[in-house]
Engineer: 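Starting off with a structure, shown below.
Note that this is a predicted model, so its numbers are computed, not measured. Lettering of chains follows the sequences in order, A, B, ..., and the numbering in each one begins at 1. In what follows, every heavy atom counts, from backbone to side chain, and hydrogens, waters and symmetry copies are set aside.
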2 protein chains.
Amino acid sequence: MSSKRLIYLPLGGAGEIGMNAYVYGYGEPGKERLILVDLGVAFPDMDGTPGVDLIMPDIAWLKERTDRLDAIFITHAHEDHIGAIAHLWRDLGAPVYARAFTANLARGKMDEYGLPEDAITTASAWPEVIKAGPFTVGFLPISHSIPESAGLVIDSPAGRVVHTGDFKLDPAPVVGEAFDPDLWAEVAKPGLQALVCDSTNVFSPNPGRSESDLGTPLEELVLEARGMVVATTFASNVARLKTLAEAAHRAGRSIVLLGRAMRRMVEAAIETGVLRSFPTVVSPEEAQDIPRENLMLLVTGSQGERRAASAQLARGKYRGLELKEGDTFLFSSKTIPGNERGVIRIMNQLSEKGVDVVDDRGGLYHVSGHANRPDLQRMHEIMKPKMLIPMHGEHRHLREHARLAEARGIASVIAVNGMMLDLSGDRPEVAGHVDTGRTYLDGSVKIGALDGVVRDRVRMALNGHLVVSVILDEDDDPIDGAWVDMKGLAELGSSNAALCDILEEDLGQFLGRAKRATLTDDDKLEEGLRRVARQSAQNEIGKKPEVTVVISRLG
Amino acid sequence: MSSKRLIYLPLGGAGEIGMNAYVYGYGEPGKERLILVDLGVAFPDMDGTPGVDLIMPDIAWLKERTDRLDAIFITHAHEDHIGAIAHLWRDLGAPVYARAFTANLARGKMDEYGLPEDAITTASAWPEVIKAGPFTVGFLPISHSIPESAGLVIDSPAGRVVHTGDFKLDPAPVVGEAFDPDLWAEVAKPGLQALVCDSTNVFSPNPGRSESDLGTPLEELVLEARGMVVATTFASNVARLKTLAEAAHRAGRSIVLLGRAMRRMVEAAIETGVLRSFPTVVSPEEAQDIPRENLMLLVTGSQGERRAASAQLARGKYRGLELKEGDTFLFSSKTIPGNERGVIRIMNQLSEKGVDVVDDRGGLYHVSGHANRPDLQRMHEIMKPKMLIPMHGEHRHLREHARLAEARGIASVIAVNGMMLDLSGDRPEVAGHVDTGRTYLDGSVKIGALDGVVRDRVRMALNGHLVVSVILDEDDDPIDGAWVDMKGLAELGSSNAALCDILEEDLGQFLGRAKRATLTDDDKLEEGLRRVARQSAQNEIGKKPEVTVVISRLG
């Protein structure tokens, strides 16, 4: 019996939806050769990560083992799978493999950050494979809400693993390859050690619908519209863009693409041959000479992002175009939980302009890109894996997916970020735990989620910030008491005097009473001033602010 | 023809869901006698109102006209209708009328803030009426998701207006009065000048369901559960509490109420006779001696509020009770848009504990308290008003509701906060605009939404905060350059040196080069230091922080 083993280690994406990063390894324990599947980001929010630009997996574990890392594989070009590549690739240095469309976009990201584009290699679809240490890996086409999504066939001496990537079972996805159950069954035929499987829609009880189901409803909607039509969806959903654009074209409307991502995606799809035909597009400038009832805008910002085209159009003029009474605005999208407020803000701004807003309330204008519960069951049935490892889900999704597999008699386990599994045996065994977490891209630098930087921002936002300045002379006597500057705090306290004055008076009294031992000791002095400032603010305004004490000694 | 007129002026609740406050007036223009309907709050969020405790309507307009204000009427005890009473009553001083259950809760709020409980008068239901200046006002019972909700019959010499309050058309609401179409029709019989009507669910296409529909599904759920059952819903939904408690009782489970609001609501319902029977409740302490399969906890926090009982139970032990594998947690509620993240956090924490989470996905365990689109149409039909004024809705709801009325030939208009309507004629006429806005309760003080306090908090959260301190001697020469303290900023810049050091060096160089005219002028010096600090930070970390400059002069 071999002492070598096959391991699986999620560093991101297991226990959350976002920032996917899954490590596989094969070899003697502690000496496994490694590959990484996906390197994505998650998006910040004001609640927990104010001011942060992107959230990425903490790849410290992998960074310490780059000598054992043979390759990186990207399943598809959604940001939660590819978005960290330009920010973290330098730390890893391994060759990156992806299919043409994904590789095209990955190269664009590398280029933008001055990284070598040739780190990205275009991979052909299965049955072609790539050798990476003890692994051979093939890209198995599958339908999703972006072109050229792929599952990975990961072969090693310990058997075959299929990592599904994100997928749905779409027989007619409009753009790109349909789900081919025979091909997938054939891959599983020699026996599948493990299926590592997307869990996003495990709670959706009905079979998923096809992208092609949207053609007729969208065409009818566009035909019936009177004024300008604006549609927003994820820019990466090239099939949706095509369906929308063709509906517009048939209704005699010219198409305008608004938003950088929108243009970039269509460009990449055309460059890589994923999209062979797309109705003629006109520029925003050309659009101004076209009657509004002959226009359709395809715009970014379906999630209510403040800077995207849809939010700008909702607020006012954008690139010379402006919405008016009688226009139609379509959300051909689902609002991701947490983005509701931003989307609703746009809907109300549009309502104020007299624009008719159509969303997916009726289920007519959007389909999900992920396999629903019965689709997952069908996938389990086709692949008949020895074990199923749920991934791409919050804890509740992983748990439900594991139960679904176990109900069918397939061994399963809930493996969250940092949990290393040994997949070599008859069932998944927990082989250890590694420290994982999140790294934030903050402006142009990376900070750790636990560095305290973001915690301080949240505290300032909740409590306001007081700055207390004291200058002491050569004899350690305070000069002129204490100054107070404040930010994010009410100016008037409950006694109707300026909060600043009250604080300065209380701090001045504290300084007047302070003993030598306090005045000569920065730590004690700071602690005392902070305590007095917080208590005084609590009395006056019912809040204990964050306090920064600045002590200057002239001595 | 009379020169007197009947006016309607929303100060809150029209153009948002929350902080309801509607003024009616009758008299000569500018001299109308006034009444106020409802005085509610909205809830803050981290996105737009970090650190704020409550959002209230800005009632400055009314505060300047208290001599003309005859009474305040509260339609029901939801916080968005009653929540500001204790915070704003002192500014208004008028008598407050409400039905018994609502009055009970209002008195509790007054008492808590040291205000006179006798400012609140208990009103009987229609046909009894209250005289208030030129108005007579009656409380017309209607079903909603809280006991004793009422529409108001507002009579004046200009005719009858019915202000619906929040409502649904429930023939069997479990607790309190069913909707009585005959009674409402009778009220409208003399002819209705205007119906001022709840718009919340105008986009919900199917008729609303009855509270009593939930009995059987909830009973089955509780009967089938194995371990402890925890259910969360709005504490004010006394009917739901009763249904849940009775389901538990039948399944041989003892009931524990967790959360202050939960106990307060049941208490008020019993005190006022709204609730005549409720299964025996045990304390959390007593519950510890009862097997978990014989327990049902009714807990606050259905919206994911961090400090509520449900969030505490999801995190760990709460009042001696702890959830375990095999327990069931039911959200008998709908997540209000914007609260998704908090609710999902709890669901995942429960999943980690092995608790089965049941929510309203299937529509079995929750019904809305508001009239859906067909219910609104039925209400229009019953009341046959001359005009319909949509209220209690965001702009998109008001717009859709106005269209619905107009489609039936009823005159309507979209009236948002601050828009004064003249309701005296055959159709609503815009009679003017008054300044409105929001007042924040922040700790123990009130601040204006536009005071800049919250804007500064948001900026500190997004950009971090730098404090730059400079001391100048008697000759206006800087002593020891500049000090930098920072909060919410990365410690290391892209050049891998401490950001603080780099900033201090750049600021020191600026001071070294600064001209006399700058060093002697606080404004110029501050501006220069801020500019250098922001630029230097931008170079190092790609962020421009908020900057506070503290200049101390020893001269």
Engineer: Looking only at heavy atoms and a cut-off of under 4.5 Å, which of B/G354, B/S444, B/P50 has the most pairs with chain A?
Structural biologist: B/S444
Engineer: Could you work out, with side chain to side chain donor-acceptor pair (under 3.5 Å) as the rule, every residue matching A/R553, not counting sequence neighbours?
Structural biologist: A/D476, A/D522
Engineer: Just so I understand: if I count every heavy-atom pair under 4.5 Å between each of B/V416, B/D451, B/I471, B/L492 and chain A, which residue has the most?
Structural biologist: B/I471
Engineer: Taking every heavy-atom pair that is under 4.5 Å apart, which of B/E400, B/R361, B/K446, B/E546 has the most such pairs with chain A?
Structural biologist: B/R361
Engineer: Taking every heavy-atom pair that is under 4.5 Å apart, which of A/D485, A/L398, A/D45, A/L489 has the most such pairs with chain B?
Structural biologist: A/D45
Engineer: How long is the span from the OG1 atom in A/T49 to the OH atom in A/Y440, to the nearest 0.5 Å?
Structural biologist: 6.0 Å
Engineer: Please rank B/D356, B/D53, B/N339 by heavy-atom pairs under 4.5 Å with chain A and give me the top one.
Structural biologist: B/D356
Engineer: Would you say A/I479 has more than 12 foreign heavy atoms packed within less than 6.0 Å of its CD1?
Structural biologist: yes
Engineer: Side chain, backbone, both or neither: which part of A/R345 has a heavy atom under 4.5 Å from chain B?
Structural biologist: neither
Engineer: Please identify, among A/I414, A/N348, A/V445, the residue contributing the most non-hydrogen atom pairs under 4.5 Å to chain B.
Structural biologist: A/N348
Engineer: Less than 3.5 Å apart, any donor N or O on the side chain of A/H392 or A/T200 sitting next to an acceptor on the other?
Structural biologist: yes
Engineer: Given heavy-atom pairs under 4.5 angstrom as the criterion, report whether the side chain, backbone, both or neither of A/I541 touches chain B.
Structural biologist: both
Engineer: Please classify the contact of B/R306 with chain A as side chain, backbone, both or neither, using a heavy-atom distance under 4.5 Å.
Structural biologist: neither
Engineer: Within a radius of less than 6.0 Å around CZ of A/R315, do more than 12 heavy atoms belonging to other residues, nucleotides or ligands occur?
Structural biologist: yes
Engineer: Which heavy-atom pair separates A/L503 from A/S536 by the least distance, and what is that distance?
Structural biologist: CD2-OG, 3.4 Å
Engineer: What's the separation between atom OG in B/S351 and atom CZ in A/R399, rounded to the nearest 0.5 Å?
Structural biologist: 5.0 Å
Engineer: How long is the span from the CD1 atom in A/I336 to the CZ atom in A/F43, to the nearest 0.5 Å?
Structural biologist: 8.5 Å
Engineer: Given that the side chain runs from C-beta out, which part of B/V355 has a heavy atom under 4.5 Å from chain A: side chain, backbone, both or neither?
Structural biologist: backbone
Engineer: Checking heavy atoms, do the side chain of A/D480, its backbone, both or neither come under 4.5 Å from chain B?
Structural biologist: neither
Engineer: Please report the interatomic distance NE2(B/H465) to OG1(B/T548), rounded to the nearest 0.5 Å.
Structural biologist: 2.5 Å
Engineer: On a heavy-atom basis, which atom in B/A402 and which in B/P390 lie closest, and how many Å separate them?
Structural biologist: N-CG, 3.8 Å
Engineer: As an exercise: rank B/V343, B/V357, B/D442, B/V52 by heavy-atom pairs under 4.5 Å with chain A and give me the winner.
Structural biologist: B/D442
Engineer: Indicate yes or no: does B/E16 engage B/R438 in a salt bridge with an N to O separation below 4.0 Å.
Structural biologist: yes
Engineer: Checking A/T335 against A/Q303: is there a side-chain donor and acceptor pair closer than 3.5 Å?
Structural biologist: no
Engineer: In terms of heavy-atom pairs under 4.5 Å, which option from B/M486, B/H395, B/K543, B/Q538 contacts chain A the most?
Structural biologist: B/H395
Engineer: Let's test your reading of the structure: which of A/Q349, A/E352, A/M347 forms the most heavy-atom pairs below 4.5 Å with chain B?
Structural biologist: A/E352
Engineer: Among residues 455-464 of chain B, which residues come closer than 4.5 Å to chain A, judged by heavy atom distances?
Structural biologist: B/D456, B/R457, B/V458, B/M460, B/A461, B/L462, B/G464
Engineer: Out of A/V454, A/L350, A/I447, A/L554, which one racks up the most heavy-atom pairs below 4.5 Å with chain B?
Structural biologist: A/L554
Engineer: Identify the heavy atoms of B/I55 and B/P44 that sit nearest to each other, and give their distance.
Structural biologist: CD1-CA, 3.8 Å
Engineer: Do A/S199 and A/H397 get their side chains close enough for a donor-acceptor pair, meaning under 3.5 Å?
Structural biologist: no
Engineer: Measuring heavy-atom distances to chain B, does A/F203 have an atom under 4.5 Å in its side chain, in its backbone, in both, or in neither?
Structural biologist: both
